[in-house]
Number of protein chains: 2
Amino acid sequence: MDRLFQALADATRRDIVARVLTGEFSVSGLAAGYEMSFAAVQKHVAVLERASLVVKEKHGREQMVRPHPEGVRRARRLLDEYEMLWRQRVDRIQDILADG
Amino acid sequence: MDRLFQALADATRRDIVARVLTGEFSVSGLAAGYEMSFAAVQKHVAVLERASLVVKEKHGREQMVRPHPEGVRRARRLLDEYEMLWRQRVDRIQDILADG
DNA sequence: CTAATCTACAACCAAATGGTTGTAGATCAA
DNA sequence: TTGATCTACAACCATTTGGTTGTAGATTAG
């Protein structure tokens, strides 16, 4: 979970996720889209990979980066839990007000 | 957005969010629940506050920590976008398979 | 075969992070 | 008033993070 949210806590990495969701990209194809070095983008992809947000698929000498929705789903589940707790809290307060 | 996911990328902070969603807690009340120093917990709360996940409410000499669902909602919106893109992607692939 | 391309990975650096201790200001209790 | 409690904040430290450059291994193109 730490790795998951950590991975999403960077604008470049969130942009990479959005890109690979909309088209096919190799690591160098992604790197071409940013001002930073190839190695830096490579590291960002590695962080996303450890967080289960993308997977790499070797194809020839290129490494294609594909989205992996597992990570997104796990993050959503936690936020859903929080919203559920929030709703329960609101309901409790409503009850107290109704009783008082 | 960076601050938001960064705030969620720590187990102690996620636990604090869960706690303040289920009951009333002052900063020192929270601190009592963890092995670390008061100042460390204080810093965690500050991180959550900057991320719009909690708000502090001064009450006497105590500072009550309350949940602030704004942050959770903003995080969810991004994940919803990702899932929407994912669904569109799956649909595109289905179409290609249907045409081929 | 040779040269260019794509990737992996190590070493290094500055800045941020997560923790500590210590000090000081408010507020409450006796 | 005095002492205890709650909080804020600074200074410090070790580790992680996000970036760099450089080197080397595969794979493709000419």
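No experiment lies behind these values; they were computed from the predicted model shown.
For the pair Arg13(A) (side chain) and Leu8(A) (backbone), a donor-acceptor distance under 3.5 Å is absent. At distances below 3.5 Å, not a single donor-acceptor pair connects side-chain atoms of Ser28(B) with backbone N or O atoms of Ala31(B).
Residues from residues 42-51 of chain A placing a heavy atom under 4.0 Å of any atom in DNA chain C, listed by number, are Gln42(A), Lys43(A). Near-neighbour residues of DNA chain D inside residues 14-34 of chain B, defined by a heavy atom below 4.0 Å, number-ordered: Ser26(B), Val27(B), Ser28(B).
Rounded to whole Å, the distance from CG on Asp10(A) to C1' on dT17(D) is 10 Å. Separating the CE atom of Met64(B) from the P atom of dC6(D) is a distance of 12 Å, rounded to the nearest angstrom. Straight-line distance from the CD atom of Glu62(A) to the P atom of dA8(C): 12 Å, rounded to whole Å. Between the CZ atom of Arg3(B) and the P atom of dT17(C) there is a distance of 11 Å, rounded to whole Å. Across the protein-nucleic acid pair, Gln63(A) atom CD and dT7(C) atom P stand 7 Å apart, rounded to whole Å. Following rounding to the nearest Å, Leu8(B) (CG) and dT17(C) (C1') show an atom-to-atom distance of 16 Å. Between the CE atom of Met36(A) and the P atom of dG18(D) there is a distance of 10 Å, given to the nearest Å. Atom CD of Glu35(A) is separated from atom P of dT20(D) by 10 Å (rounded to the nearest Å).
The closest side-chain heavy-atom distance from Leu4(B) to Met1(B) is below 4.5 Å. Within the 4.5 Å cutoff, side-chain heavy atoms of Leu30(A) are placed close to those of Val20(A).
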Below 3.5 Å, can you tabulate the donor-acceptor pairs from side chains in residues 75-86 of chain A to any protein atom, sequence neighbours excluded?
{"residue": "Arg76(A)", "atom": "NH1", "partner": "Asp80(B)", "partner atom": "OD1", "Å": "2.3"}
{"residue": "Asp80(A)", "atom": "OD1", "partner": "Arg76(B)", "partner atom": "NH1", "Å": "2.3"}
{"residue": "Tyr82(A)", "atom": "OH", "partner": "Arg14(B)", "partner atom": "O", "Å": "3.1"}

What donor-acceptor contacts under 3.5 angstrom involve side-chain atoms of residues 63-74 of chain A, with partners at least two apart or in another chain?
{"residue": "Gln63(A)", "atom": "OE1", "partner": "Lys58(A)", "partner atom": "N", "Å": "3.0"}
{"residue": "Arg66(A)", "atom": "NE", "partner": "Glu57(A)", "partner atom": "OE1", "Å": "2.5"}
{"residue": "Arg66(A)", "atom": "NH2", "partner": "Glu57(A)", "partner atom": "OE1", "Å": "3.4"}

- Note on the structure: Going 5' to 3' through nucleotides 22-30 of chain C and flagging B where a protein heavy-atom sits under 4.0 Å of the base, S where only the sugar-phosphate is that close, and - otherwise, we get -----BB--

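Here NE2 of His44(B) is found 4.5 Å from OG1 of Thr12(B). Values are rounded to the nearest 0.5 Å.
The number of heavy-atom neighbours closer than 6.0 Å to CZ of Arg3(A), taken from other residues, nucleotides and ligands shown, is 12 or below.
Nearest to the side chain of Gln6(B), among dA8(C), dA8(D), dT17(C), sits dT17(C).
Every salt bridge (Lys or Arg N to Asp or Glu O under 4.0 Å) that Glu49(A) has, sequence neighbours left out, goes to Lys56(A).
The phosphate of dT20(D) has OP1 or OP2 within less than 4.0 Å of a side-chain N or O from Ser37(A).
Under 4.0 Å is where a charged nitrogen must lie from a carboxylate oxygen, and between Asp15(B) and Arg19(B) at least one such pair does.
Listed here is the closest heavy atom pair of Val54(B) and Val45(B): CG2-O, 4.0 Å.
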